[in-house]
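Only one structure is covered here, and it is reproduced in the block below.
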Amino acid sequence: MNTPIDRQLDILAARSVDLVSRAELRRKLETAAAAKRPLRVKYGADPSAPDIHLGHVVGLNKLREFQDLGHTVVFIIGDFTGMIGDPTGRSETRKPLSRDKIAENAKTYQDQVFKVLDRAHTEVCFNSEWCANMTFENVLKLSARVTVAQMLARDDFQKRFQEKQSISIVEFIYPIITGYDSVMVEADVEVGGTDQLFNMLVGRDLQKSFGLEPQVVLTLPLLEGLDGVRKMSKSLGNYVGVNESPREMFGKIMSIPDALMERYAALVLGRPACNAMRSIAGRPEKEPSLPGVKDERHPRQVKDELAQTIVARFHGPAAAVAASAEFERVFSEHKQPDEMPTVVIPMAQRKDGKLGVMALLVAAGLAESNGAARRLIQQGAVKVGETKITDITAELAIPEGSVVQAGKRAFARIVSA
RNA sequence: GGUGGGGUACCGAAGUGGCCAACCGGGGCAGACUGUAAAUCUGUUGGCUAACGCCUUCGAUGGUUCGAAUCCAUCCCCCACCA
């Protein structure tokens, strides 16, 4: 906590989209420093989808910056809210999670979160601690503090209301609960994605209403997913999970559009374009990046570096180098990966020691059905060893340890026992 | 409570008696191309079958018919509007 306030402010405000408000944050930082008391920085997490991906990392990075300046992160696992399901974005009501499932998810969550956060400066709590035992009366009194007009101020509600789409009452309750969380943990600051701005502002109102000093609200950009357009999310399947294998992570990052490289560098690596990353700018192909910066590197190489840096962050440098080499081998040189699943197909399942290709693909887990296998073969996606198979009726004697390939990325090694 | 509109494959959405395993778009998968698992183009996208063909699917159940996603009945669910 020895960093000068101005410097702290700069660090904390970096990359933020909304900051309500800088003046308040400054004041809080000053008071905290004077009292030698860390700020309580709230972050809410949804336990129904326990996979942390790079989109979450954007927020976690910010939290880590708070921690590095000596502040405390209050990590709230919304187990109670998880039970009703976040209605944001018009998703159907989620199935309530069982207690066991929540506990399990919470653990997974924490394992992943502490790849970024500093465990020593983190408080973890569950909002069921204060929500589960509220009486209906409590709930009424709480909701009396918020008006419909306040709710309709939210863009999303406004729009849906005008378009005559349904808005469930729970959707109104949801921000009230998350806001109440802020009251309960006495948050000084709350960090979240821009989509959480409304909810976090409700937190401010509620805190005021409870006679507390309102939290500072800081939003961060939503990271685009692999498609480069929509935000990264599990349900869209365009995400990179922090628990994914190095090669998976590497490959996925290699697939992002070039224009997104700088954004990933800034948001995921949590640093502004410094020298090392300056070259990772969304510049046109094969053109020098910034004026005065000598960088003739090919975008592909820049992306490789980005992918390696990200992989290294979660798996260490050695894994990053290996993943890069592997990618090069499989996709640039079209060779086999050095690791692949091994599938046992006993001789008993073969006829005269041979097996039909379709059966082989299904048995190897490379096709879901014979029909899928047939299509793969007909489309020229299948190789056994070095031989491309185009005849769907082919009966093959499969030498021990043969490699079967279906498409660019799916491989299996076949053994008989 | 009343009125009206709906429930179709992973999603969106056509189809209103046989030509429907079901147009089209998205997504997925594959091929070509590529620095790339990007973009683009092409193909493909229920199951069984070498194939002919067969089987299961259009909210649920029952019925009409030679024949139904399409008609009838009952039921379940969703949405909007007016109270």
Side-chain angles (χ1 to χ4, degrees), chain A residues 54 87 89-93 160-169 171 224-230 232-241 244-264 279-280 282-287 295-308 310-311 323-335 337 351 354-362 365-383 388-396 404-411:
Chain A
L54 297 185
R90 246 195 98 38
S91 54
E92 314 83 67
T93 320
R160 282 163 55 194
F161 188 68
Q162 277 167 4
E163 288 173 1
K164 310 202 183 210
Q165 291 183 327
S166 69
I167 301 170
S168 152
I169 295 293
E171 301 188 58
E224 289 80 0
L226 301 177
D227 52 54
V229 180
R230 297 171 303 176
M232 183 175 285
S233 86
K234 195 184 178 192
S235 53
L236 293 174
N238 60 355
Y239 71 104
V240 184
E244 290 189 74
S245 69
R247 87 179 49 172
E248 199 68 11
M249 198 179 254
F250 188 92
K252 284 184 174 182
I253 294 163
M254 287 305 279
S255 82
I256 64 172
D258 288 358
L260 231 53
M261 291 196 279
E262 182 177 35
R263 204 158 156 83
Y264 270 58
S279 53
I280 302 180
R283 63 198 157 93
E285 249 178 73
K286 291 172 185 155
E287 299 225 343
D295 186 350
E296 298 298 325
R297 291 184 303 165
H298 193 282
R300 137 98 219 196
Q301 202 195 325
V302 176
K303 197 182 278 181
D304 179 89
E305 183 184 312
L306 171 70
Q308 281 201 46
I310 292 176
V311 172
S324 172
E326 176 85 357
F327 186 88
E328 175 78 17
R329 180 163 59 244
V330 177
F331 295 106
S332 300
E333 296 167 17
H334 302 289
K335 292 184 184 159
K351 197 173 50 181
K354 292 187 170 188
L355 203 58
V357 229
M358 294 199 295
L360 170 65
L361 288 172
V362 173
L366 299 174
E368 280 191 2
S369 64
N370 284 353
R374 183 180 298 119
R375 276 171 237 132
L376 285 169
I377 299 162
Q378 285 168 342
Q379 290 181 128
V382 177
K383 265 165 96 176
K388 190 166 178 177
I389 309 292
T390 49
D391 175 12
I392 55 179
T393 64
E395 297 280 330
L396 307 166
V404 181
Q405 176 176 9
K408 292 190 184 77
R409 303 168 52 201
F411 296 86

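All chains are named by letter (A, B, ...) in the order of the sequence lines, taking the proteins before the strands, and each is independently numbered beginning at 1. When reading the values below, keep in mind they use all heavy atoms of this one structure, side chains included, and skip hydrogens, waters and symmetry mates.
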Figure out the [atom1]/[atom2] separation between [X] and [N], and round it to whole Å.
X	N	atom1	atom2	answer
A:Lys303	B:U36	NZ	C1'	6 Å
A:Ile377	B:G31	CD1	C1'	15 Å
A:Glu248	B:U36	CD	C1'	15 Å
A:Leu306	B:A38	CG	P	17 Å
A:Met261	B:G35	CE	P	15 Å
A:Glu244	B:A37	CD	C1'	12 Å
A:Gln405	B:A30	CD	P	10 Å
A:Leu361	B:C29	CG	C1'	14 Å

Rounded distance in Å between the [atom1] positions of [N] and [M]:
N	M	atom1	value
B:A9	B:C79	C1'	22 Å
B:U40	B:C33	C1'	8 Å
B:C71	B:G15	P	12 Å
B:A37	B:U61	C1'	47 Å
B:G6	B:U70	P	15 Å
B:U56	B:G67	P	15 Å
B:C20	B:C58	C1'	10 Å
B:G2	B:C75	P	14 Å

Worksheet entry | Min side-chain heavy-atom separation A:Met232-A:Val240 under 4.5 Å |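 With C-beta onward as the side chain, the pair touches.
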Worksheet entry | pair A:Leu366-A:Val382: side-chain heavy atoms closer than 4.5 Å | no
Both distances below 3.5 Å, Watson-Crick or wobble geometry, any strand: find the nucleotide opposite [N].
N	result
B:C23	none
B:A73	B:U61
B:G1	B:C82
B:A68	none
B:U40	B:A32
B:U16	none

Worksheet item: In Å, rounded to the nearest 0.5 Å, how long is the span from CD of A:Glu244 to CG of A:Leu54?
Response: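 Interatomic distance, A:Glu244 CD to A:Leu54 CG, rounded to 0.5 Å: 8.5 Å.
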Item to complete: Output the distance between atom CD1 (A:Ile377) and atom CG (A:Leu360), rounded to the nearest 0.5 Å.
Response: 8.5 Å
Discussion item. So, using side-chain contact (heavy atoms from CB on, under 4.5 Å) as the criterion, who are the partners of A:Ala394 when residues are at least two apart?
Written reply: A:Val357, A:Ile389, A:Asp391, A:Leu396
Practice prompt. Sequence neighbours left out, what passes side-chain contact (heavy atoms from CB on, under 4.5 Å) with A:Arg247? Give chain and number order.
Written response: A:Ser245, A:Glu326, A:Pro337, A:Asp338, A:Glu339
Worksheet item: Does OP1 or OP2 of B:A38 have a side-chain N or O of A:Lys252 closer than 4.0 Å?
Response: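 The answer is no; no side-chain N or O of A:Lys252 sits under 4.0 Å from OP1 or OP2.
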Worksheet item: What is the minimum heavy-atom distance between A:Met358 and A:Asn370, and which atoms define it?
Response: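 Looking at all heavy atoms of both residues, the shortest contact is SD-O, 3.7 Å.
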Worksheet item: What's the shortest heavy-atom distance between A:Ile310 and A:Met249, and which atoms?
Response: O-SD, 4.5 Å
Worksheet item: A:Arg409 or A:Leu376: which one's nearest nucleotide on RNA chain B is closer to the 5' end?
Response: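 This one resolves to A:Leu376.
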Discussion item. Using heavy-atom distances to pick each residue's nearest nucleotide on RNA chain B, tell me which of A:Lys408 and A:Ile256 is more 5'.
Written reply: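 That would be A:Lys408.
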Discussion item. Protein within reach of the bases, or only the backbone? For nucleotides 42-51 of chain B, mark each nucleotide 5' to 3' as B, S or -, using heavy atoms under 4.0 Å.
Written reply: -BSS-SSBSS
Polar atom pairs (N or O), protein with nucleotides 55-58 of chain B, under 3.5 Å:
none

Discussion item. Test of understanding: with salt bridge (charged side-chain N to carboxylate O under 4.0 Å, His left out), list the residues that count as partners of A:Lys383, not counting sequence neighbours.
Written reply: none
Practice prompt. Ignoring hydrogens and angles, tell me if any N or O in the side chain of A:Lys303 forms a donor-acceptor pair with the backbone of A:Met254 under 3.5 Å.
Written response: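 Such a contact is found between A:Lys303 side chain and A:Met254 backbone.
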Item to complete: Report the residues that fulfil ring pair (Phe, Tyr, Trp, His ring centres under 6.0 Å) with A:Phe327, sequence neighbours left out, ordered by chain and then residue number.
Response: A:Phe250, A:Phe331
